[in-house]
Trainee: 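I'd like to ask you about the structure that follows.
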Amino acid sequence: MNYDIDRFFRQDKLPHIWCPGCGHGTIMANLARAIDKANLDPDKIVVVSGIGCSGRASGYMNFDTLHATHGRAIPFATGIKLANPELNVIVITGDGDGAAIGGNHLIHGGRRNIDLTVILMNNHIYGMTSGQFSPMTPTGANATTTPYGNIDQNFNLADLTKASGASFIARGTAFNTRQLIEIFNDGLLHKGFSFIEAISQCPVNYGRRNNIDTAVKMLEWQKESSVNIKKWNKLSDEEKKGKFPTGIIYKEDKREYTEMYQEIIDSVQKEA
Amino acid sequence: MNYDIDRFFRQDKLPHIWCPGCGHGTIMANLARAIDKANLDPDKIVVVSGIGCSGRASGYMNFDTLHATHGRAIPFATGIKLANPELNVIVITGDGDGAAIGGNHLIHGGRRNIDLTVILMNNHIYGMTSGQFSPMTPTGANATTTPYGNIDQNFNLADLTKASGASFIARGTAFNTRQLIEIFNDGLLHKGFSFIEAISQCPVNYGRRNNIDTAVKMLEWQKESSVNIKKWNKLSDEEKKGKFPTGIIYKEDKREYTEMYQEIIDSVQKEA
Amino acid sequence: MTNKAKLLQGDEAVVEGAIAAGARFFAGYPITPASEIAEGLAEKLPIHGGKFIQMEDELASMACIIGASLSGLKSITATSGPGFSLKQENLGLGMMIEAPCVVVNVQRVGPSTGLPTSPSQGDVMQAKWGTHGDHPVIALAPSSVEETFELTVKAFNFAERFRTPVILLLDEIVGHMREKVVLPKQDDIEIWDRKKPEVSSEDFNPYEETEDHIPPMPAYGEGYRYHTTGLFHDKTGFPRGTNEDAKKLMDRLMAKIEENMDIISLYEKDIRDDDEVVVLAYGSTMRSAINAVNRARNEGIKAGWIKLKTLWPFPEELIKNLSKDVNSIIVPELNRGQLIKEVKEHVFGNADVRGINKYDGTLIKPDEILDLIREVK
Amino acid sequence: MTNKAKLLQGDEAVVEGAIAAGARFFAGYPITPASEIAEGLAEKLPIHGGKFIQMEDELASMACIIGASLSGLKSITATSGPGFSLKQENLGLGMMIEAPCVVVNVQRVGPSTGLPTSPSQGDVMQAKWGTHGDHPVIALAPSSVEETFELTVKAFNFAERFRTPVILLLDEIVGHMREKVVLPKQDDIEIWDRKKPEVSSEDFNPYEETEDHIPPMPAYGEGYRYHTTGLFHDKTGFPRGTNEDAKKLMDRLMAKIEENMDIISLYEKDIRDDDEVVVLAYGSTMRSAINAVNRARNEGIKAGWIKLKTLWPFPEELIKNLSKDVNSIIVPELNRGQLIKEVKEHVFGNADVRGINKYDGTLIKPDEILDLIREVK
Amino acid sequence: MDRYEIRLSGAGGQGMILAGIIIAEAVLYEEGLNVTQTQSYGPESRGGASRAEVVLSKEVIDFPKVIKPDILVALTQKAYDKYSKDVKEDGIVIVDDSIDTKDSKNKTYKLPIFEKAINEVEMKLTANILVLGVIDDLIPQIRTSSIKKAIKNRVPENTVAVNMKAFSVGKKMAEGGNIGE
Amino acid sequence: MDRYEIRLSGAGGQGMILAGIIIAEAVLYEEGLNVTQTQSYGPESRGGASRAEVVLSKEVIDFPKVIKPDILVALTQKAYDKYSKDVKEDGIVIVDDSIDTKDSKNKTYKLPIFEKAINEVEMKLTANILVLGVIDDLIPQIRTSSIKKAIKNRVPENTVAVNMKAFSVGKKMAEGGNIGE
Amino acid sequence: MPNKGKVKITHPNRCKGCNICVMYCPTDVLKVVDGQITITDIDDCVGCNNCELSCPDFVLEVVEEDDK
Amino acid sequence: MPNKGKVKITHPNRCKGCNICVMYCPTDVLKVVDGQITITDIDDCVGCNNCELSCPDFVLEVVEEDDK
Ligand SMILES: Cc1ncc(C[n+]2csc(CCOP(=O)(O)OP(=O)(O)O)c2C)c(N)n1
Ligand SMILES: Cc1ncc(C[n+]2csc(CCOP(=O)(O)OP(=O)(O)O)c2C)c(N)n1
Ligand code: SF4
Ligand code: SF4
Ligand code: SF4
Ligand code: SF4
Ligand code: SF4
Ligand code: SF4
Ligand SMILES: [Mg+2]
Ligand SMILES: [Mg+2]
């Protein structure tokens with residue numbers, strides 16, 4: 001398939017500011033391909049991001065875009081969507097933005113099952129602020145605020161969002177771009193809260209400090225660590241160690257928030 | 001067993017301010033019994049609560065007690081515990097305090113697996129502010145802010161805290177007090193983040209609005225709806241409908257945060 | 001023909017005023033003494049096709065109404081002190097990106113949990129300075145149920161007209177007090193809607209410098225596809241990171257308010273040419289002030305009053321001029337002396353400025369003001 | 001014998017000062033330009049047996065250091081504008097329950113995300129008014145790396161001595177600037193620790209009214225088993241909900257600061273008897289001010305300067321008196337005019353007060369101040 | 001000044017606030033009469049003492065709270081002790097007969113309010129409406145029919161009958177006690 | 001006044017800030033000499049232009065930033081265009097030879113900085129330290145030995161050798177270009 | 001683990017008359033009269049502790065006979 | 001779904017020389033020279049699209065032969 005993505009970018013803002021080899025660029029490009037594939041009306045797309053390197057994405061994408069406050073993209077998006085349910089609202093967040101400061105909004109968005117597509121670019125670090133650890137920095141890894149090695153555990157974001165009530169949960173990698181496009185496409189078309197963790201790489205602020213100092217090496221790590229969900233379920237616990245599943249991890253038909261609210265309006269207005 | 005709980009209460013503050021039949025009193029009394037049973041040193045117990053009817057508990061219990069801000073009891077408790085790990089730190093929160101505004105701290109406390117015992121008094125409503133819905137108000141129920149019936153979904157807090165990384169997860173009811181004492185006891189003795197959802201009843205602000213207008217009726221509902229976890233796992237999905245499991249739902253030996261931090265200190269200081 | 005009289009609480013008047021002004025979105029989190037506003041709008045909004053959502057906290061509530069505003073709806077949230085503190089970061093974003101919306105704070109006694117059910121005017125300075133950095137603020141404070149309706153409508157009008165969040169500062173007394181009021185008929189209410197762009201999307205700059213400093217604002221989904229950020233930005237909406245852009249934007253944000261003082265600065269006064277003492281008040285405190293002034297006049301004292309309905313921007317010129325005409329200005333407040341600081345700053349030594357301050361949850365009684373009038377006269 | 005000279009950033013001097021003052025707990029969340037403080041303390045604290053924790057956000061960070069303080073450790077957090085806005089609610093609790101702790105705000109240009117890497121003094125008023133309700137505030141502002149060390153130690157000392165959160169306001173210039181400094185030896189540094197109760201737990205009242213207004217404070221776990229709440233409370237720590245208790249507590253919270261102005265209010269000045277113009281400044285802006293005053297004097301202008309190290313409580317008397325002695329006060333600030341409002345309020349018309357304001361991320365150059373000195377002289 | 005002040009006090013849950021609201025709502029049916037109604041809760045939002053205040057005036061009402069009540073109703077000893085001293089010199093005090101009113105300086109009526117609510121209306125919770133019957137004639141600015149309309153508007157539909165009964169029991173009691181003479 | 005000002009400018013990642021820090025750190029070894037070192041990033045924390053400034057003085061340094069540099073180093077055209085006009089009349093400008101310096105009003109040295117870093121030091125990233133060698137003799141207040149000590153302290157241990165080489169290549173280049181005469 | 005003792009109303013002033021203990025008592029020992037808990041016939045009490053554990057206001061205690 | 005086309009450097013100015021496309025190319029068509037992507041031998045290109053999909057800076061596109 002040939003993708004026409006130039007139209008989805010603000011050409012005068014390119015090249016983007018992300019570092020050489022930063023996975024965020026690959027992920028954003030493939031989000032654009034998925035939008036192309038899903039054939040959405042670009043005038044009805046809104047991209048909301050928080051603050052972080054990941055948050056820069058909103059500035060590059062040629063839709064209605066909001067670069068909000070750190071961690072709060074989902075509640076902004078919730079207002080945008082509920083106020084006008086015909087909009088396709090995409091949230092782009094980071095592992096710090098979405099899972100640290102923004103964790104509560106993530107789970108409450110999932111609980112409401114409001115029709116947002118949330119893409120969390122997980123590069124396992126606070127990239128923008130130069131490399132402090134995030135809730136997704138592996139235990140034992142190095143970051144500027146873990147001079148003696150990270151003792152924090154990580155979230156399993158797929159488990160967390162599933163437990164929260166989200167109805168579409170997937171994980172992809174900057175490495176496996178074809179899978180990423182499929183996942184994005186499905187997430188965009190899913191009616192309900194779609195959560196997609198996109199594993200990214202930050203060679204500058206994670207790689208360098210952790211002896212995987214090039215983007216290429218980091219992509220190789222993604223390749224080695226990821227297992228398609230179909231295979232994953234057949235692995236032993238031993239085999240799963242150090243690996244993670246990718247693909248659509250969970251999907252459910254479930255009543256969506258703005259639709260339910262519209263039903264209230266319709267019934268109240270009918271009565272009146 | 002005979003419990004000696006008077007010593008754990010500030011007698012001059014009793015009778016407490018909770019309404020007749022409020023489940024919070026039963027839960028607090030049985031927490032005291034569990035403390036008695038676990039034989040903890042009362043001088044080394046700290047109770048931290050947020051704001052809400054549930055939050056009142058800290059004022060009645062005769063330990064070092066902190067009635068903090070709405071939703072933030074866990075981070076206050078985190079500071080208390082990390083600063084002095086020999087303290088037994090108990091958090092008492094509500095379904096609004098702990099699962100709405102405080103949701104992020106709940107999952108991050110679980111992720112860190114810091115040794116706190118978090119008791120969430122779930123009465124399915126904002127009691128203190130007179131009956132607005134909480135994330136735990138059943139879909140379809142009535143609350144002051146759901147004049148047309150509640151369309152929000154609920155969290156399954158056991159699933160959510162498990163996904164967050166907590167190492168002890170249990171659920172009890174104000175109805176089954178003997179089980180509650182056991183659960184509290186085990187949670188208090190567990191090293192790591194212990195999350196206990198204690199189903200409570202608010203006859204005044206939930207019951208009255210939902211045609212279960214006495215505490216007794218509400219306790220009967222608890223009895224009918226709860227299934228011991230041992231039986232629960234044998235039920236069909238159909239049989240599970242409208243019911244919830246009680247007992248110790250999950251327990252895991254897992255490294256605890258303040259212990260890991262102490263190891264850092266020890267190793268850094270040895271080097272120096 | 002007029003409307004029928006109603007018995008309304010201040011909180012209920014906010015609900016009525018919001019609906020009348022065209023509000024179609026509420027997001028909030030319950031808190032005493034503001035919960036009645038949420039409860040009222042939960043019921044009323046869907047009747048008018050609007051949306052109500054209860055969010056997980058106040059930060060999310062503030063974010064949510066800004067989002068709804070960007071989607072084109074007039075939006076509102078309501079809270080009290082603790083929640084107002086939590087809204088500050090996102091409120092600052094709203095000011096920076098110029099999102100029209102209304103933020104109600106029904107004040108109770110702080111700091112912290114304080115006295116949750118008692119009246120206060122303790123958040124007046126926070127309304128001006130609560131979020132980091134310099135920023136433009138409009139804040140209105142009604143003194144009666146009727147005025148609450150009036151100023152709620154005005155708050156939406158100012159928000160839409162000047163493209164900025166507007167703060168409505170009730171105190172618990174006004175919020176919970178019931179009064180008999182006759183609301184104006186919908187047709188008699190002046191309503192402002194935000195300016196929409198008249199150019200095509202190609203020629204559109206979301207933060208265009210216009211003569212009135214207020215850039216037209218399309219709704220999301222109308223095809224303009226523009227960018228909005230809390231970073232300092234130029235007219236295109238994008239940050240260039242230059243110092244000039246920062247100054248230019250900040251100056252414009254301030255200018256759109258400062259240059260419209262005559263519209264925004266609402267006040268009433270009853271000062272006679274020879275009055276020597278003036279009581280300046282706002283909110284529920286105003287009512288004691290008027291009572292005291294009337295009684296003072298009965299005693300032959302040359303006293304007058306001035307009621308500020310708009311607290312921010314502060315009417316600097318008005319006070320400067322007033323200070324030249326009178327000997328004393330008395331400022332009763334339910335706090336330790338907040339707005340009085342502005343008064344003192346602007347009288348510049350021309351008049352004696354005296355405060356009467358209660359911050360224990362009780363009201364200032366007319367007698368207390370009268371006593372001071374007698375003393376300074 | 002003195003210590004060796006070091007090359008330190010302001011942020012690093014906070015780290016050194018905190019360790020020297022006895023800080024043993026940090027909780028925070030990264031943000032430019034304050035992250036270096038977290039990074040430094042992450043490394044240094046465990047060496048001294050202290051604890052570092054990175055929290056999920058700023059609200060939690062503020063809560064966490066208050067908790068640690070209650071457990072008996074001297075604790076600190078560091079942030080910048082957006083995070084400072086988020087800390088406000090819990091900061092108010094800290095003031096209400098009198099939890100000693102230090103909150104650093106390395107100011108960048110706001111509002112909102114603003115200009116994240118550029119210097120500002122835009123949060124000066126927020127430091128005073130950011131949380132809801134009236135509340136006691138101590139805020140210090142260093143103008144050099146050396147002073148940052150000094151005031152960090154002082155911040156902890158004031159926090160412990162007066163049992164209250166203390167705010168340390170750096171600006172990005174001071175925070176990121178490197179200077180050659182010689183730190184004092186540990187033995188030469190004056191250290192204060194919180195007063196501990198001398199009575200048994202039976203006789204203990206956690207909020208006892210003492211002569212100095214500062215109640216002794218045991219650590220959790222020491223057997224006193226006391227209650228603490230953000231509601232207004234009496235000496236037992238429990239809320240009775242009476243208006244008298246509210247006033248009494250608020251008055252005490254304020255008194256412990258107001259009555260210790262001589263200790264808390266730190267400033268330096270170089271004003272000769274016949275100086276007619278005084279430049280009043282603080283933080284990095286001070287450095288341009290001194291440069292300008294020195295050059296003005298070389299030109300024979302009668303100018304002096306005053307450097308405020310303590311911004312809050314504001315030295316009202318000092319300014320009142322100063323205003324009687326000079327013709328003009330110039331207040332340069334990296335904001336749209338914040339502390340100048342206090343100056344104006346307290347000169348009461350006695351002197352001409354002029355601001356120089358930059359809020360675009362650039363510094364005020366010595367020449368700009370000199371020009372104004374020449375103009376007003 | 002034609003300002004007329006009513007304070008209704010008791011414990012939380014006794015319905016004093018609703019009673020205050022009903023008086024205020026009744027004013028809607030009286031042309032040219034203004035009203036403000038306020039309440040105060042205990043220290044927190046539930047529990048403790050409760051107090052409702054109503055101010056009536058033909059003029060615009062400035063200070064919205066009661067300064068010196070013309071009528072004080074107190075249903076608990078605590079409420080009586082706290083508020084009885086504020087009553088206007090020629091004001092009237094009405095209390096449940098369980099209350100000790102020694103040293104009262106005002107015209108004070110001790111009435112078996114709860115007893116009648118329990119025994120005649122057979123619903124203790126209607127004491128608040130019963131009180132409205134008692135004081136109805138003391139408020140000449142408001143017609144009885146207006147109060148009755150307001151009761152119907154404000155009490156739950158299924159309790160209108162019992163509340164109207166409470167109201168008339170109260171009115172009768174007032175006659176018996178010769179209140180208002 | 002003995003105030004002496006140095007501005008090092010280039011693109012993010014060229015190590016100009018580290019070079020500034022090294023000069024400042026070298027001052028630790030010079031009795032009685034004070035220093036302030038500042039930097040400015042681009043609009044955001046990464047990317048864009050970067051600038052380090054060092055002010056030296058025997059007196060207390062008030063204004064901590066460069067007002068009119070005695071030395072300007074510019075490694076990119078952008079940096080040169082932006083900063084060259086601020087240089088003191090008798091100040092010195094040093095640029096990479098790829099830069100167009102027409103209309104320069106100052107003594108300007110175009111040196112093959114990157115070329116030498118690539119070819120002689122075999123590590124382009126050492127250009128910043130090479131620059132320190134170039135300007136070493138222009139800063140009489142600081143001894144060469146002090147600069148060398150500071151380099152050793154501040155660069156990663158495993159790069160000390162290559163950086164010392166870069167420093168001497170820089171020094172040699174300065175001699176070749178007769179800088180400082 | 002049923003106790004050998006009998007119920008005692010140790011803190012009558014705290015009782016709010018909620019009827020919870022009444023619901024739990026297997027032998028109808030307890031009754032709320034005028035909003036206050038009362039014991040109908042203490043001999044019926046089997047000392048099961050249900051009431052003690054369930055009372056939200058910790059009004060009741062089951063005590064050894066000789067403690068009474 | 002491999003494309004029939006060949007790689008083209010459509011936006012050379014955006015290339016940051018990260019080597020990602022190089023890693024992905026099955027036939028070693030691409031090479032970073034002086035920090036810039038270059039094509040060694042276009043004939044080797046099998047039009048697999050790997051490079052296009054993986055480039056973080058969307059520098060490359062696989063286009064139909066006749067588009068070239
Ligand atoms: C309230 C607030 N706190 C902190 C920051 C500073 N900050 C900006 S981005 C960021 C972390 C970004 O990390 P992540 O979300 O993982 O994005 P990445 O840069 O890694 O893509 C932080 C802490 C901020 N801007 N606002
Ligand atoms: C920041 C803030 N927001 C809102 C409130 C108001 N508030 C107090 S308690 C409460 C809800 C309590 O509900 P829950 O936690 O379920 O406790 P319950 O009263 O039901 O036991 C709310 C919203 C507050 N005190 N602070
Ligand atoms: S710092 Fe990391 S996340 Fe940010 S742009 Fe660079 S590589 Fe990407
Ligand atoms: S309102 Fe509900 S939760 Fe609160 S005390 Fe009453 S019954 Fe309990
Ligand atoms: S359970 Fe307790 S409070 Fe309720 S009726 Fe029985 S003794 Fe009284
Ligand atoms: S102990 Fe058991 S039997 Fe005895 S009164 Fe209590 S519930 Fe009834
Ligand atoms: S992947 Fe893109 S940016 Fe990286 S080298 Fe290839 S073309 Fe250049
Ligand atoms: S399309 Fe495939 S074969 Fe051709 S250059 Fe790209 S990666 Fe190599
Ligand atoms: Mg990240
Ligand atoms: Mg609840």
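Reminder, nothing fancy here: chain letters follow the sequence lines and each chain counts from 1.
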Trainee: Output the option from B:R112, B:Q269, B:K44, B:Q262 having the highest count of non-hydrogen pairs under 4.5 Å with chain D.
Mentor: B:R112
Trainee: Under a 3.5 Å distance rule, please check whether B:D43 uses its side chain to pair with a backbone N or O of D:G221 as donor and acceptor.
Mentor: no
Trainee: To the nearest 0.5 Å, tell me how far B:F76 CZ sits from D:T228 OG1.
Mentor: 11.0 Å
Trainee: If you draw a 6.0 Å radius around CD in B:Q11, do more than 12 non-hydrogen atoms from other residues or ligands fall strictly inside?
Mentor: yes
Trainee: What pair of heavy atoms forms the shortest contact from D:P46 to B:I265, and how long is it?
Mentor: O-CG2, 3.7 Å
Trainee: Within the supplied structure, the quantity of interest is the number of heavy atoms (other residues, nucleotides, ligands) at a distance under 6.0 Å from D:K256 NZ; does it exceed 12?
Mentor: yes
Trainee: Are there residues of residues 84-93 of chain D that reach to under 4.5 Å of chain B by heavy atoms, and which ones?
Mentor: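 If one takes a 4.5 Å heavy-atom cut-off, the residues of residues 84-93 of chain D near chain B are D:E89, D:N90, D:L93.
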Trainee: When you compare the side chain of D:K51 with that of B:P85, does any pair of heavy atoms fall below 4.5 Å?
Mentor: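 Touching, per the 4.5 Å side-chain cut-off.
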Trainee: Which residues from residues 52-62 of chain D are near chain B, with near meaning under 4.5 Å between non-hydrogen atoms?
Mentor: D:F52, D:I53, D:Q54, D:M55, D:E56, D:D57, D:L59, D:A60
Trainee: With respect to chain B, which residue among D:G49, D:P206, D:G230 yields the maximal number of heavy-atom pairs within a distance under 4.5 Å?
Mentor: D:G49
Trainee: Taking every non-hydrogen pair under 4.5 Å, which of B:T65, B:I107, B:I51 racks up the most with chain D?
Mentor: B:T65
Trainee: For the candidates D:A27, D:A219, D:S71, D:S75, which exhibits the highest count of non-hydrogen atom pairs separated by less than 4.5 Å from chain B?
Mentor: D:S71
Trainee: Is the closest side-chain heavy-atom distance between B:H67 and D:L231 below 4.5 Å?
Mentor: yes
Trainee: When rounded to the nearest 0.5 angstrom, what is the spacing between OH in D:Y220 and CG in B:L66?
Mentor: 4.0 Å
Trainee: Looking at every heavy atom in both B:D64 and D:E222, which two are closest together, and how far apart are they?
Mentor: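 It is OD2-N, 4.5 Å.
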Trainee: Counting only heavy atoms not in D:K235, do more than 12 fall under 6.0 Å of its NZ?
Mentor: no
Trainee: Could you grab the distance from atom CG of B:L82 to atom CZ of D:F25, nearest 0.5 Å is fine?
Mentor: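 Those atoms lie 4.5 Å apart.
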Trainee: Is the count of non-hydrogen atoms from other residues, nucleotides or ligands lying under 6.0 Å from B:D253 atom CG greater than 12?
Mentor: no
Trainee: Roughly how far apart are D:H227 NE2 and B:Y60 OH, rounded to 0.5 Å?
Mentor: 9.0 Å
Trainee: When rounded to the nearest 0.5 angstrom, what distance separates CG in B:L87 from CG in D:L70?
Mentor: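 So the CG of B:L87 and the CG of D:L70 are separated by 11.0 Å.
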Trainee: For each of B:V268, B:V47, B:V48, B:T69, tally heavy-atom pairs with chain D at distances under 4.5 Å, and name the one with the top tally.
Mentor: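 Among B:V268, B:V47, B:V48, B:T69, the one with the most close pairs to chain D is B:T69.
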Trainee: Just by distance, do the side chain of B:R72 and the backbone of D:A63 share a donor-acceptor pair under 3.5 Å?
Mentor: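 Side chain of B:R72 to backbone of D:A63: no pair is present.
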Trainee: Just how far is it from atom OG of D:S69 to atom CD1 of B:I80, taken to the nearest 0.5 Å?
Mentor: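 That separation rounds to 10.0 Å.
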